[in-house]
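Down below is the structure, laid out as structure tokens.
A note on names: the letters A, B, ... follow the listed sequences, proteins ahead of strands, and every chain is numbered from 1.
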Number of protein chains: 2
Amino acid sequence: MTDVARVAGVSHQTVSRVLSDHPNVSAKTRAAVTQVIEQLGYRRNSAARALATRRTHTLGVIAVNTTLHGPASTVAGVQEAARDRGYLTSAVTLRTATQTALAEAMQHLAGWGVEGIVAVTPQRAAVRALAALEAPCPVVTVEGGHTLDLPGVSLDQSLGARMITEHLLASGHATVWHVAGPPDWLESEARTQGWEDALRDAGAEVPPVLRGDWSPLSGYQAGQQLAGRFRTSRGRGTGLTAVFVANDQMALGVLRALREAGLHTPEDVAVAGFDDIPEAEFFPPPLTTIRQDFASIGRDSIGLLLDHIEGRTDESTHLVVAPELIVRASTARRIAPPGT
Amino acid sequence: MTDVARVAGVSHQTVSRVLSDHPNVSAKTRAAVTQVIEQLGYRRNSAARALATRRTHTLGVIAVNTTLHGPASTVAGVQEAARDRGYLTSAVTLRTATQTALAEAMQHLAGWGVEGIVAVTPQRAAVRALAALEAPCPVVTVEGGHTLDLPGVSLDQSLGARMITEHLLASGHATVWHVAGPPDWLESEARTQGWEDALRDAGAEVPPVLRGDWSPLSGYQAGQQLAGRFRTSRGRGTGLTAVFVANDQMALGVLRALREAGLHTPEDVAVAGFDDIPEAEFFPPPLTTIRQDFASIGRDSIGLLLDHIEGRTDESTHLVVAPELIVRASTARRIAPPGT
DNA sequence: GACCGAATTGTTAACGCTAACAAGCGGTAA
DNA sequence: TTACCGCTTGTTAGCGTTAACAATTCGGTC
């Protein structure tokens with residue numbers, strides 16, 4: 001900066017003013033300085049800037065297992081939104097969301113002076129650990145539920161599950177079975193809750209819940225159990241004709257298991273998933289599912305975080321993003337519903 | 001730090017020495033200072049540290065379209081490796097790899113004083129743009145090929161394609177058809193090259209190449225064309241009995257198109273993919289594919305980058321990571337190969 | 001022509017840390 | 001005893017920027 005000042009024949013402070021778009025700089029000086037900056041390829045040192053302003057303009061992102069479609073898309077959405085708002089993001093990826101791992105990640109980010117953290121923590125244990133930790137800066141959770149008083153953004157998982165379930169009931173199924181995700185995951189619990197609520201509201205019987213771990217393999221195993229139930233439950237109130245699987249990957253496994261058992265989808269058993277991964281449209285058959293708007297989730301979480309950082313609010317607001325139902329062949333109508 | 005020094009009754013420099021593990025500090029002082037640090041919850045300011053040492057210990061990651069399985073896993077691998085080596089990573093995700101977008105991302109990172117950049121640039125245009133840009137710090141490419149003299153790491157795409165093709169030929173197919181990825185992608189080109197080389201080496205005829213854009217939909221469209229070819233090419237040298245699809249997502253589309261056309265996999269047409277996405281094992285039928293070791297790629301790229309940063313080398317070495325063939329039902333043997 | 005206020009520019013002192021050197025303090029060898 | 005060494009600790013001066021204030025310039029007014 002001193003170099004630029006010398007070449008342009010002004011003080012370094014004037015250069016600083018030009019760079020910060022300060023109003024009180026004459027057009028002539030501004031032009032001259034700008035030209036010298038260009039010519040010398042000068043760029044200001046963010047570390048020094050951070051030191052002087054006590055602002056780093058950096059946000060941290062903590063996420064678990066970012067190779068899955070959901071987390072990967074969420075993180076991408078968050079990063080994009082942060083960049084649009086002029087912040088650098090630094091992502092730390094954890095393999096497991098233990099309290100120590102989370103604490104370490106936070107130290108790591110805090111050491112770099114991040115002004116806020118977006119934590120993508122869909123597991124109950126992770127949110128609890130997060131709430132227990134005393135953060136060195138504002139923290140916003142994504143998919144962290146709203147039970148603890150941390151500000152956050154989530155997709156309305158429960159509504160999504162309800163939409164799917166009601167869609168299946170409306171298609172003529174007496175009830176809907178459910179393959180849930182792992183018990184510790186908030187997303188999993190909310191989806192199960194939405195499914196159950198929808199069944200109760202409709203006066204349908206609530207069949208026992210099967211569980212998977214989000215992986216296609218676990219879906220496959222659940223599917224094999226379902227195939228067995230198909231025979232034994234026939235004609236009863238909980239007769240197996242429709243299944244809501246808690247994510248698309250498991251649904252793929254379920255579809256394979258049903259197919260191997262000689263059952264047809266959707267004729268014998270209708271199947272629906274959740275997430276709308278890019279592959280879902282090409283499953284055998286194309287899968288009815290719920291789409292999440294990851295860009296919105298990213299924008300909202302960054303907006304919320306900046307509200308806290310810039311002191312516009314200190315409440316722990318919880319924003320909810322609406323899901324979208326995508327109907328495909330895997331849940332084609334069984335009988336004409338009333339009124340059509 | 002001044003506070004810590006005052007409470008511990010030493011100079012701030014001694015505190016600094018304790019934090020930097022300087023050898024010449026007495027055990028007693030060290031213990032006292034450590035305790036005060038703990039007690040006050042002090043953490044040193046990285047911006048000031050960066051300013052004084054002229055080192056930021058931050059690496060940048062530039063990637064395109066990180067919601068796909070490949071890039072997402074690569075970025076995760078790179079970040080993990082960087083963290084293990086004590087560096088903070090800052091990821092910038094681009095939607096498209098235009099020269100301007102790349103330049104902007106670099107400016108963004110350079111402004112934060114990153115000491116090196118890992119660029120995940122599988123498109124030819126992106127690498128070319130990268131090579132044209134004068135970087136403010138060492139840059140290592142991942143999947144950027146080795147045509148331009150940038151140091152980099154890649155999976156041996158061409159070898160993977162060769163392994164797949166040879167596996168199919170060994171399974172009794174006279175030749176192997178190919179659905180390629182978009183022409184500008186190096187991965188796509190290397191896979192096509194490996195396939196073609198394997199066919200030529202085996203003296204098999206080289207059928208015309210079909211193209212997709214990595215998406216399941218494009219695979220589906222290619223699959224429809226293939227189904228048409230199945231009838232017309234029957235009995236000829238280029239008879240369609242096996243297809244190598246350049247990635248698993250497209251392979252899913254191909255499988256669906258073939259199924260809809262009444263063709264059976266692998267009895268009528270064997271299909272193989274590339275990437276080994278988690279879903280591949282549950283495709284109808286389970287897909288033969290190539291697995292990439294993303295953790296190795298991450299480790300190698302960070303290792304290479306640090307070699308450059310820390311001045312251990314300035315050659316543009318290009319490391320290659322070996323692929324792994326995963327054989328599944330989609331390519332079950334057609335006839336017993338010689339010798340079994 | 002002196003004086004005022006606004007606009008523009010310059011000067012100085014932080015920001016929190018590390019590097020380089022200086023100082024103190026025992027112990028050892030001449 | 002004196003000189004010198006090694007270990008430990010303290011002092012000072014930056015690193016490159018911005019904030020706060022001081023100084024200068026300029027156009028207009030009385």
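Proximity of a side-chain donor or acceptor of A/Thr74 to a complementary backbone N or O of A/Gly70 within less than 3.5 Å is detected. Using modelled atom types, one side-chain atom of A/Thr53 and one backbone atom of A/Arg49 make a donor-acceptor pair closer than 3.5 Å. With A/Glu143 contributing its side chain and A/Leu155 its backbone, the two residues share a donor-acceptor pair below 3.5 Å. B/His57 contributes no side-chain N or O that, together with a main-chain N or O of B/Ala50, makes up a donor-acceptor pair within less than 3.5 Å. With hydrogens and angles disregarded, a donor-acceptor distance shorter than 3.5 Å links the side chain of A/Thr58 to the backbone of A/Thr56. For the pair B/Thr29 (side chain) and B/Val25 (backbone), a donor-acceptor distance under 3.5 Å is absent.
Looking at heavy-atom distances under 4.0 Å, A/Thr2 makes no contact with the nucleic acid at all. At a threshold of 4.0 angstrom between heavy atoms, the contacts of A/Asn24 include nucleobase atoms, whether or not backbone atoms are also involved.
Whole-Å rounding puts the B/His22 NE2 to D/dT9 C1' distance at 10 Å. Distance, A/Arg55 CZ to D/dG16 P: 24 Å, rounded to whole Å. Regarding A/Asp21, its CG atom lies at a distance of 15 Å from the C1' atom of D/dT18, rounded to whole Å.
Between D/dT18 and A/Arg44, a contact under 4.0 Å exists linking OP1 or OP2 to a side-chain N or O. Between A/Arg49 and D/dT18, a side-chain N or O to OP1/OP2 separation shorter than 4.0 Å is present.
Protein chain A contacts DNA chain C from C/dT8 to C/dG16, reading 5' to 3' and using non-hydrogen atoms of the protein with a distance under 4.0 Å.
Mapping B/Arg30 and B/Thr53 onto DNA chain D via the closest heavy atom, the residue that lands nearer the 5' end is B/Arg30.
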**Request:** Assess whether side chain to side chain donor-acceptor pair (under 3.5 Å) is satisfied between B/His308 and B/Thr313, documenting all intermediate values.
**Result:** CA-CA 5 Å; B/His308 278 260; B/Thr313 178; 4.9 Å; no
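The base of D/dG10 sits within donor-acceptor range of the side chain of B/Arg17, with an N or O pair under 3.5 Å.
For the contact set between residues 6-16 of chain A and DNA chain D, defined by any heavy atom under 4.0 Å, the members are A/His12, A/Gln13, A/Ser16.
Heavy-atom contacts from other residues, nucleotides or ligands closer than 6.0 Å to CD of B/Gln35 number 12 or fewer.
Annotation: side-chain contact (heavy atoms from CB on, under 4.5 Å) contacts of B/Asp156 (sequence neighbours excluded): B/Ser158, B/Leu159, B/Val320, B/Pro323.
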